[in-house]
Amino acid sequence: MMTAASSETSAPPRVLLAHHLRKLKLPTVLREYEKVAVEAAREGQDHVRYLLRLVELELIDRERRMVERRIRAARFPAVKSFDTFDFTAIPSLNKPLTLELARCEYVVARDNVIALGNSGTGKTHVALALGLAACQRGFSVLFTTAAALVHQLMEARDEKRLLRLQTQLASVKLLIVDELGYVPLSQIGAELLFEVFSQRHERGSTIVTSNLPFDEWTSVFGNQRLTGALLDRLTHRVSILEMNGESYRLRQSKGRRTKGPAPVDEPVVDPQTGKITPA
Ligand code: ADP
Ligand code: MG
């Protein structure tokens, strides 16, 4: 490794500059400084404007790299946004409230969001879009399903690293727990999940999606007292997104059927019988 002190006299300035910019983690300045210099000379800009332009480019790039890093860290199963969400397909969903949530003030306030509704109505899509919006606004996000989270917690418990995982889960600004209610939880699983919500209470935001109305949550947690305590914390400061309606997937496949044959790579779901014909 070259050091600043030893190399100054021997290495040519461009080599040194590249080395120092790398060390200072200014990759955009390194990549752009020649090109921007040519432009600055052409436009007769002084050294201050030249430097300002370079530094601005680095800032813009750095912000973009950080958003990308947060998106990777969030472990979204897919990247979805409100740009591709059709609000007219789900009239029960409060659009102004949803778009207001996309501004992420609830994350600052450490409030929660619960999306409730039957399968295929866009709950996961909305949760992903809210997660993406939070990443873009600089918040740390983690996306998981209830089943995967419980599995992870049990595994961590068996391997005596539960505390570390719990600390990690409590420190993220926005935790998204998708699909609560699809599988009933064991007693230990329910307790571990309860602890996660409990530890996050008023410390960070949690988004939960569920196909079950609140009065059926006891069937998932298998314990009325625990469910009551959990709902108490989760709904203390919460926005509820009502997402009951026709399944978007079924609608799509219906639409395709009237327009012509369905694409060959996707299974066809019969909207009347629910029968799935593989591609
Ligand atoms: P849920 O989680 O409620 O079961 P999903 O969010 O998984 O439903 O939606 C199923 C599929 O349909 C996904 O590919 C999703 O992107 C799409 N989808 C659902 N609702 C809409 C909508 N209103 N606009 C655009 N795409 C939608
Ligand atoms: Mg879903």
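All values below were derived from every heavy atom in this structure, side-chain atoms included, with hydrogens, water molecules and symmetry-related copies excluded.
- Listed by first and then second residue, the side-chain hydrogen bond (donor to acceptor under 3.5 Å, both in side chains) pairs involving residues 215-224 amount to none (not counting sequence neighbours).
- The two residues Leu175 and Val172 make their nearest non-hydrogen contact at CB-CG1, 4.1 Å.
- For the pair Thr121 (side chain) and Met243 (backbone), a donor-acceptor distance under 3.5 Å is present.
- Listed by first and then second residue, the ring-ring contact (aromatic ring centres under 6.0 Å, His included) pairs that reach into residues 107-143 are Phe85-His125, sequence neighbours excluded.
- Judged as a side-chain hydrogen bond (donor to acceptor under 3.5 Å, both in side chains), and not counting sequence neighbours, the contacts of Asp178 are Thr124, Thr209.
- Counting heavy atoms from C-beta on, the side chains of Val196 and Val177 never come closer than 4.5 Å.
- The closest side-chain heavy-atom distance from Leu192 to Met154 is below 4.5 Å.
- Under the salt bridge (charged side-chain N to carboxylate O under 4.0 Å, His left out) criterion, the residue pairs touching residues 42-56 are Arg53-Glu56, with sequence neighbours excluded.
- The hydrophobic side chain of Val55 is isolated, with no ILVMFWY side chain under 4.5 Å apart from it.
- Among all heavy-atom pairs drawn from Gly131 and Ile176, the shortest one is CA-CD1, 3.7 Å.
- Between Ala102 and Ala133, the closest heavy-atom pair is O-CB, 3.5 Å.
- When side chains are defined from C-beta on, Tyr106 counts as touching Ile207, because their heavy atoms get closer than 4.5 Å.
- Residue pairs meeting the side-chain hydrogen bond (donor to acceptor under 3.5 Å, both in side chains) criterion with at least one member in residues 88-103, sequence neighbours excluded, are Asp86-Thr88, Arg103-Glu105.
- Residue pairs meeting the side-chain hydrogen bond (donor to acceptor under 3.5 Å, both in side chains) criterion with at least one partner in residues 237-248, sequence neighbours excluded, are Asp111-Arg237, Glu246-Lys254.
- Note on residues 184-200: no pairs pass salt bridge (charged side-chain N to carboxylate O under 4.0 Å, His left out), not counting sequence neighbours.
- Closest approach of Asn112 and Gly204 over heavy atoms only: OD1-O, 4.0 Å.
- Distance alone, capped at 3.5 Å, places no donor-acceptor pair between the Lys173 side chain and the Val107 backbone.
- In this structure the side chain of Lys35 never reaches within 4.5 angstrom of the side chain of Val38, judged on heavy atoms.
- Checking side-chain atoms of Thr235 against main-chain N and O of Val238 turns up no donor-acceptor pair under 3.5 Å.
- Within a 6.0 Å sphere centred on CZ of Arg64, heavy atoms belonging to other residues, nucleotides or ligands number more than 12.
- With contacts defined as side-chain heavy-atom distances shorter than 4.5 Å, the pair Glu58/Pro27 qualifies.
- Hydrophobic clustering, defined by side-chain heavy atoms of Ile, Leu, Val, Met, Phe, Trp and Tyr closer than 4.5 Å, leaves Leu51 isolated from every other such residue.
- Side-chain contact check for Leu101 versus Val126: every heavy-atom pair is 4.5 Å or farther apart.
- Of the possible polar contacts, none joining the Asn211 side chain to the Glu179 backbone as a donor-acceptor pair under 3.5 Å is found.
- Residue pairs meeting the side-chain hydrogen bond (donor to acceptor under 3.5 Å, both in side chains) criterion with at least one partner in residues 134-161, sequence neighbours excluded, are Glu159-Arg161.
- Under the 4.5 angstrom side-chain criterion for Ile, Leu, Val, Met, Phe, Trp and Tyr, the cluster partners of Leu26 are Leu17, Leu21, Leu24, Val29, Leu30, Tyr33, Val36, Tyr50, Leu54, Leu57.
- Pairs engaging residues 163-198 under the ring-ring contact (aromatic ring centres under 6.0 Å, His included) rule: none recorded [sequence neighbours left out].
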